[in-house]
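Shown next, in structure tokens, is the structure this report addresses.
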There are 2 protein chains.
Amino acid sequence: MKQSPSLIGPSGEETVLPTFLNLPPDKRERVVEAALVEFADKGYQQASLNTIVAASGIAKGSIYQYFRDKKGFFLYLFDFAVARVRRTLVQVKEASAHQDFFTRLEKSLLAGVEFIRRHPRIYGIYLKILFDRHVPRRDELLRAVRRFAADYLGSLLRQGMARGEVRADLPEGTAVFILDALLDRFLQAASVPAFDVALDLDRAASPELEQRIRELVDILRRGLAR
Amino acid sequence: MKQSPSLIGPSGEETVLPTFLNLPPDKRERVVEAALVEFADKGYQQASLNTIVAASGIAKGSIYQYFRDKKGFFLYLFDFAVARVRRTLVQVKEASAHQDFFTRLEKSLLAGVEFIRRHPRIYGIYLKILFDRHVPRRDELLRAVRRFAADYLGSLLRQGMARGEVRADLPEGTAVFILDALLDRFLQAASVPAFDVALDLDRAASPELEQRIRELVDILRRGLAR
DNA sequence: GCTTCATGTGACCACCTGGTCATATCGCGC
DNA sequence: GCGCGATATGACCAGGTGGTCACATGAAGC
């Protein structure tokens with residue numbers, strides 16, 4: 001859990017202070033876990049440092065020795081969350097490199113669902129910044145995540161085209177948009193209640209999720225037209 | 001602006017009090033407009049009645065003569081917003097009834113974009129409940145909206161199948177999911193900054209939006225596979 | 001003219017927040 | 001043993017919130 005690359009945030013301001021990095025690992029994890037729970041549930045604005053203090057058993061003043069302020073705390077957490085997501089996607093991409101485009105798409109969806117079910121808070125933090133313009137650096141953070149997802153999917157798509165599995169006459173931007181939209185939406189529906197009334201994915205067990213993923217990818221493969 | 005159907009909320013509690021309904025129309029609109037601005041921007045929890053008071057020029061105590069509490073105020077606003085959306089969708093459906101499935105899909109997307117650009121606050125209120133489980137009656141409200149959208153798209157799809165325009169072997173739930181996902185996502189991307197790095201829809205002018213819609217619907221029609 | 005009902009007002013209240021800071025303890029080096 | 005740096009603590013502060021309520025005004029009915 002060495003996080004030295006985040007000591008200096010993207011704009012040169014400290015997001016985390018040295019005291020935090022010097023903590024014993026179990027104590028550091030306690031702070032991170034309590035903050036993940038609170039920020040993922042409440043979003044940036046409503047998340048309360050007092051709640052994090054109570055849940056972690058750390059004194060209020062100490063939190064300000066670890067991070068300059070609430071914003072710094074949040075940005076550190078977001079960095080942490082994004083790094084976790086990226087690692088996963090890179091692994092999926094490499095592990096499926098020898099398979100065809102549509103299989104890779106299925107594998108990505110499956111890995112995505114597995115990730116959010118194992119790390120609901122990390123996904124929750126991401127969801128909470130989507131529509132809240134008051135999150136510090138929201139546009140920048142979101143753009144970084146979305147850029148990563150688009151690059152990932154764009155790369156899959158180009159490889160699929162090069163191998164003759166995907167039509168080469170596609171407008172790439174729109175195709176990436178569709179893939180991105182469906183991937184993210186599927187994860188949201190699998191994660192958030194009342195979101196999806198067509199499939200009820202948030203209550204679905206693995207076999208059903210897999211079936212739905214196969215159907216979705218098949219529709220993408222063949223289109224809707226008769 | 002007679003809103004008598006919402007006097008009694010869905011669970012029998014008053015969401016709006018008679019005094020509000022007796023107000024002169026321009027005063028009522030002032031209250032609604034100030035509340036729309038605040039709830040759409042801040043979401044339920046962060047929205048401040050004090051801000052609405054200041055923006056509308058209505059006394060704080062008077063707000064409590066119009067609605068029992070913040071929750072009632074919000075539920076009334078949500079009802080109002082949903083009714084507006086429904087009217088629009090019903091109109092689009094009827095106006096495109098004689099056209100083929102894919103044209104109707106394009107028309108729906110276009111109408112959706114036009115709506116959110118004309119009523120950004122109504123759309124904003126909807127976006128703010130998606131991932132916030134602390135919104136009063138969130139699941140119920142969201143399910144009602146999503147149900148309406150799914151029924152609308154399901155109906156289009158079944159009509160398209162019946163006319164031989166759409167494959168009849170589609171798993172309907174998954175097809176509706178895809179249409180729903182892409183419609184909503186397109187609107188989000190057209191509405192919210194930094195959301196979409198593939199197409200930058202939030203900055204797009206009408207001709208480009210139309211082009212993107214045509215591309216998207218064409219991909220749906222023909223699929224991705226070579 | 002008095003009473004009642006309808007409507008309007010904004011100071012006040014208890015509670016919550018992010019952030020501050022005086023105080024305390026421990027370990028290390030000189 | 002003393003001083004310094006590192007770390008920990010929680011009461012306190014100013015500002016903000018949703019909601020209350022005593023007071024005020026106007027109109028209508030008797």
Side-chain angles (χ1 to χ4, degrees), chain A residues 7 13-32 34-35 37-39 41-78 128 132 134-137, chain B residues 7 13-32 34-35 37-39 41-78 128 132 134-137:
Chain A
L7 180 60
E13 57 187 309
E14 288 87 352
T15 59
V16 59
L17 301 176
T19 306
F20 182 70
L21 301 175
N22 297 336
L23 290 180
D26 61 304
K27 192 165 187 179
R28 221 187 294 135
E29 281 173 27
R30 239 168 56 229
V31 178
V32 167
V37 169
E38 182 67 2
F39 281 117
D41 185 39
K42 305 281 182 61
Y44 177 77
Q45 300 263 100
Q46 283 293 117
S48 161
L49 291 185
N50 292 334
T51 300
I52 294 167
V53 162
S56 60
I58 307 280
K60 182 94 173 276
S62 286
I63 299 288
Y64 288 92
Q65 289 166 338
Y66 307 159
F67 308 95
R68 194 164 56 163
D69 51 22
K70 183 180 181 178
K71 171 179 164 181
F73 198 172
F74 174 76
L75 292 177
Y76 170 80
L77 256 294
F78 198 84
K128 291 294 192 296
D132 182 0
H134 301 282
V135 173
R137 303 242 212 95
Chain B
L7 180 60
E13 56 187 309
E14 290 87 351
T15 60
V16 60
L17 302 175
T19 304
F20 182 70
L21 301 174
N22 296 334
L23 291 181
D26 61 306
K27 191 166 194 181
R28 220 187 295 137
E29 280 173 27
R30 240 167 55 231
V31 177
V32 168
V37 170
E38 182 68 1
F39 281 117
D41 184 39
K42 305 281 182 59
Y44 177 77
Q45 299 264 101
Q46 284 294 117
S48 161
L49 290 183
N50 292 333
T51 301
I52 294 169
V53 162
S56 61
I58 307 280
K60 182 93 173 277
S62 287
I63 298 288
Y64 287 91
Q65 288 167 340
Y66 307 158
F67 308 95
R68 196 164 52 164
D69 50 22
K70 184 180 180 180
K71 172 178 163 182
F73 198 172
F74 174 76
L75 291 176
Y76 171 79
L77 258 291
F78 199 84
K128 291 292 193 294
D132 181 0
H134 300 283
V135 174
R137 304 243 213 95

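Quick note on labels: first sequence line is chain A, next is B, and so on, each numbered from 1. Only heavy atoms go into these numbers, but all of them, side chains included; no hydrogens, no water, no symmetry mates.
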Practice task
With sequence neighbours excluded, tell me which residues meet salt bridge (charged side-chain N to carboxylate O under 4.0 Å, His left out) with A:Lys42.
Solution key: A:Glu38

Handout entry: Residues forming a side chain to side chain donor-acceptor pair (under 3.5 Å) with B:Asn22, sequence neighbours excluded
Key = none

Handout entry: Residue list, ring pair (Phe, Tyr, Trp, His ring centres under 6.0 Å) with A:Phe20, at least two apart or on another chain
Key = A:Tyr66, A:Phe67, A:Tyr76

Handout entry: salt bridge (charged side-chain N to carboxylate O under 4.0 Å, His left out) against A:Asp132, all qualifying residues, sequence neighbours excluded
Key = none

Handout entry: Within-4.5 Å side-chain heavy-atom neighbours: B:Tyr44 and B:Lys70
Key = yes

Handout entry: Outermost DNA chain C nucleotides near chain B [under 4.0 Å, heavy atoms]
Key = C:dT7 to C:dG10

Practice task
Determine whether B:Phe73 and B:Asp69 make a side-chain contact, defined as any pair of heavy atoms from C-beta on separated by less than 4.5 Å.
Solution key: no

Practice task
Heavy atoms only: give me the nearest B:Tyr64-B:Leu49 pair and the separation to one decimal.
Solution key: OH-CD1, 3.0 Å

Problem - Any residue meeting side-chain contact (heavy atoms from CB on, under 4.5 Å) with B:Val37, in chain and number order, not counting sequence neighbours - result: B:Glu33, B:Arg121

Distance-only criterion, 3.5 Å: show the donor-acceptor pairs between side-chain atoms of residues 50-63 of chain B and protein atoms not counting sequence neighbours.
unit_1, atom_1, unit_2, atom_2, d
B:Asn50, OD1, B:Lys60, NZ, 2.9
B:Ser56, OG, B:Ile52, O, 2.8
B:Ser56, OG, B:Val53, O, 3.4
B:Ser56, OG, B:Ile58, N, 3.4

Short N/O separations, protein against nucleotides 11-20 of chain D, under 3.5 angstrom:
unit_1, atom_1, unit_2, atom_2, d
D:dT17, OP1, B:Ser48, OG, 3.0
D:dT17, OP2, B:Asn50, ND2, 3.3
D:dG18, OP1, B:Ala47, O, 2.9
D:dG18, OP1, B:Leu49, N, 3.4
D:dG18, OP1, B:Lys70, NZ, 3.0
D:dG18, OP2, B:Leu49, N, 2.9
D:dG18, N7, B:Lys60, NZ, 3.1
D:dG19, OP2, B:Tyr64, OH, 3.2
D:dG19, OP2, B:Lys70, N, 2.9
D:dG19, N7, B:Lys60, NZ, 3.0
D:dG19, O6, B:Lys60, NZ, 2.9

Practice task
Sort and list the pairs that fulfil salt bridge (Lys or Arg N to Asp or Glu O under 4.0 Å) and have at least one residue in residues 43-59 of chain A, not counting sequence neighbours.
Solution key: none

Handout entry: Terminal axis angle for the helix from C:dG1-D:dC30 to C:dC30-D:dG1, five pairs an end, nearest 10 degrees
Key = 30°

Exercise for the section: Can you see which heavy atom on B:Thr19 is nearest to which on B:Gln65, and at what distance? Expected result: CB-O, 3.6 Å

Problem - Beyond-backbone contact of B:Phe78 with B:Val135, side-chain heavy atoms, under 4.5 angstrom - result: no

Please enumerate all protein N or O atoms sitting under 3.5 Å from an N or O of nucleotides 6-8 of chain D, with distances to 0.1 Å.
unit_1, atom_1, unit_2, atom_2, d
D:dT7, OP1, A:Asn22, ND2, 3.3
D:dT7, OP2, A:Thr19, OG1, 3.0
D:dA8, OP1, A:Lys27, NZ, 2.3
D:dA8, OP2, A:Tyr66, OH, 2.8
D:dA8, N7, A:Gln65, NE2, 3.1

